[in-house]
Undergrad: 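What follows is a single structure, and I will ask about it in a moment.
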Protein chains: 2
Amino acid sequence: MSEAAAIEPIGKRERTKVANRQAILAAARRVFAQMGYDAASVRDIIRGTELASGTFYNYFRSKEEVFEAIADDAAHRFKPLLRAARERARSFEDYLRSAFHAYFAFISEENKIDGRPIDERRPHVRSDTPEMMAVYEEVRQGLEDAIARGLAPRIDADYLACACIGIAQEVGAAMLRRAPANVGAAADFAVGLILKGLDGAPRRG
Amino acid sequence: MSEAAAIEPIGKRERTKVANRQAILAAARRVFAQMGYDAASVRDIIRGTELASGTFYNYFRSKEEVFEAIADDAAHRFKPLLRAARERARSFEDYLRSAFHAYFAFISEENKIDGRPIDERRPHVRSDTPEMMAVYEEVRQGLEDAIARGLAPRIDADYLACACIGIAQEVGAAMLRRAPANVGAAADFAVGLILKGLDGAPRRG
DNA sequence: CACAAAAATGACGGATCGTCAATTTTCATG
DNA sequence: CATGAAAATTGACGATCCGTCATTTTTGTG
């Protein structure tokens, strides 16, 4: 066993710290999905772990902070996908399509993990965590960059970023309601609408 | 005082019932705005009225139900504005502009009551109340009607309605962040984007 | 091994929750 | 106007939750 520990040189102190934090977050995901965010209590969450009630407050100040950590984590995992879409894009249209496709695939996968056919447990969250603001900033930067390169007209990048995010959220939610979710079709719709408006959106059939 | 009561022929029983309900809703608005939705308790709400704690549960089952009633009421008041925009519209572009203008003016007016930022006044999970679903249906009908009349291409009306709602929500929120809120500019942006895409959105100046 | 720092524990006072039997208010009827 | 039933209000109650904190246990170091 002497060589195994060398791979992870961190001490047990830090190891259990991240393990406990992850245990709380995992329990919170289960509890929120099962009984709903509002009905869930800090005690419900901590009961889903092996920890004592007081220990919870060593990691989070409240149930809301746990929720924000979950949302922040999702944004943190999504951000590199968005960044990659920007860097690999060979055109503005390509960027838009990749970005929307990535988002729709992401929420499609995230809701699959929740497993439960519970309809309304999706984190349509308006609480602005640092990573969520970073995602917004990434979107805005991507759009402003395209404007600066002359790939898009000089319009209000802030409003445009908000519009893109709003479309992504609402069309994404509608896509999930349709079974099975068609990620490509949803992305085509969003990109077509943004690029050319009504005439750019795919005809239905 | 004999002629004043004749205007409202309903009995006192029903009168106090609606009065108490309104008192609870009014207190809830104040409490949510002042201390935030998450921190607020049923006791906080009922303390804002002249009623006893048990009376609350004669009107609502929980804090969440109070919020849904507030949201439902807002949707109920907004719906006729949307309907009017559709009926008075002389063109599809006119309809869109009136609808967005109405929404932006509505939320601008609604958020004039001061207190905590808007995000903290509502729960993290979105709830679809009957009146909110009715508003969505009104939007979808308006768009589908325009498509049927040949005023808009035959695209997915469901996705389009979701896109419009998403744009309205996010651009509306961004508009409120800018002080003072410019309702007309926000509406112009949304309409331009939807009708003609990026090229249709107003250039920034 | 000893000792200090860090973390976990669970009990505690205070507050909230939803219920419910008792009380008050409303209203129809004689 | 009196009266009794139905409806609504009240506040206390046991159960639970909240956040704290003194105590205990665990971890890292010399």
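Within every chain, numbering begins at 1; the chains are lettered A, B, ... in the order of the sequence lines, protein sequences first and strands thereafter. Just so you know, these numbers come straight off a predicted model, no measurement behind them.
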Undergrad: Whole angstroms only, please: what is the CZ-C1' distance between Phe56(A) and dG10(C)?
TA: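 About 16 Å, once rounded to whole Å.
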Undergrad: Just checking, any donor-acceptor pair under 3.5 angstrom between side chains of Thr55(A) and Asn58(A)?
TA: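 Result is no, nothing qualifies.
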Undergrad: Nearest whole Å is fine: how far is dT9(C) P from Ile46(A) CD1?
TA: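 So the CD1-P distance, Ile46(A) to dT9(C), works out to 8 Å.
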Undergrad: Would one find a side-chain N or O of Asn58(B) under 4.0 angstrom from OP1 or OP2 of dA8(D)?
TA: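 No, outside the criterion.
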Undergrad: Salt-bridge test for Glu14(A) and Lys17(A): reply yes if a basic N is under 4.0 Å from a carboxylate O, no otherwise.
TA: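 No.
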Undergrad: When the ring planes of Phe78(B) and Tyr103(B) are compared, do they come out parallel, tilted or perpendicular, using 30° and 60° as the limits?
TA: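 Perpendicular.
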Undergrad: Is the NZ or CZ atom of Arg43(B) positioned over Phe56(B)'s six-membered ring, under 6.0 angstrom from the centre and within 45° of the axis?
TA: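 Checked: cation-pi criterion not met.
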Undergrad: Quick one, give me the B/S/- string for nucleotides 19-30 of chain C, reading 5' to 3', where B means a protein heavy atom under 4.0 Å from the base and S means that only happens at the primed atoms, P, OP1 or OP2.
TA: B-----BBS---
Undergrad: Is there a donor-acceptor contact under 3.5 Å from the side chain of Arg154(B) to the main chain of Ile147(B)?
TA: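 Answer holds: no.
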Undergrad: Specify the separation, in whole Å, of atom CE of Met35(A) and atom P of dC17(C).
TA: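 Going from Met35(A) (CE) to dC17(C) (P), I get 17 Å.
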Undergrad: Where the side chain of Lys17(B) is defined as all heavy atoms beyond and including C-beta, which of dT9(C), dC17(C), dA8(D) is the nearest nucleotide?
TA: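 When the side chain of Lys17(B) is considered, dA8(D) is the closest of dT9(C), dC17(C), dA8(D).
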Undergrad: Could you check how far CG of Leu51(A) sits from P of dA7(C), rounded to whole Å?
TA: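 In whole Å, dA7(C) P lies 14 Å from Leu51(A) CG.
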Undergrad: State whether Lys79(B) and Glu138(B) are salt-bridged, where the test is any N-O pair (Lys NZ or Arg NE/NH1/NH2 against Asp/Glu carboxylate O) under 4.0 Å.
TA: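 No, this pair does not count.
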Undergrad: Any side-chain heavy-atom pair from Leu151(B) and Tyr95(B) closer than 4.5 angstrom?
TA: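 Heavy-atom side-chain distance check fails, nothing below 4.5 Å.
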Undergrad: Taking the six-membered ring of Phe60(B), is NZ or CZ of Arg21(B) closer than 6.0 Å to its centre and within 45° of its axis?
TA: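 Relative to the ring axis of Phe60(B), which defines the angle, Arg21(B) lies outside at least one limit.
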Undergrad: Counting only side-chain nitrogens and oxygens, does Asn20(A) get under 4.0 Å of the OP1 or OP2 atom of dA7(C)?
TA: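 So the side chain of Asn20(A) is outside the cut-off, no N or O lying under 4.0 Å from OP1 or OP2 of dA7(C).
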Undergrad: Does any residue of residues 59-70 of chain B have a heavy atom under 4.0 Å from DNA chain D, and if so, which ones, in number order?
TA: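 Result for residues 59-70 of chain B: Tyr59(B), sorted by number.
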Undergrad: When the distance from CZ of Arg21(A) to C1' of dA7(C) is rounded to whole Å, what number comes out?
TA: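 Distance, rounded to whole Å: 16 Å.
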Undergrad: Just how far, in rounded Å, is C1' of dG10(C) from CD of Glu50(A)?
TA: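 Checked: the CD to C1' distance equals 16 Å.
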Undergrad: Indicate yes or no: does Asp188(A) engage Arg97(A) in a salt bridge with an N to O separation below 4.0 Å.
TA: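 Yes, charged N to carboxylate O under 4.0 Å.
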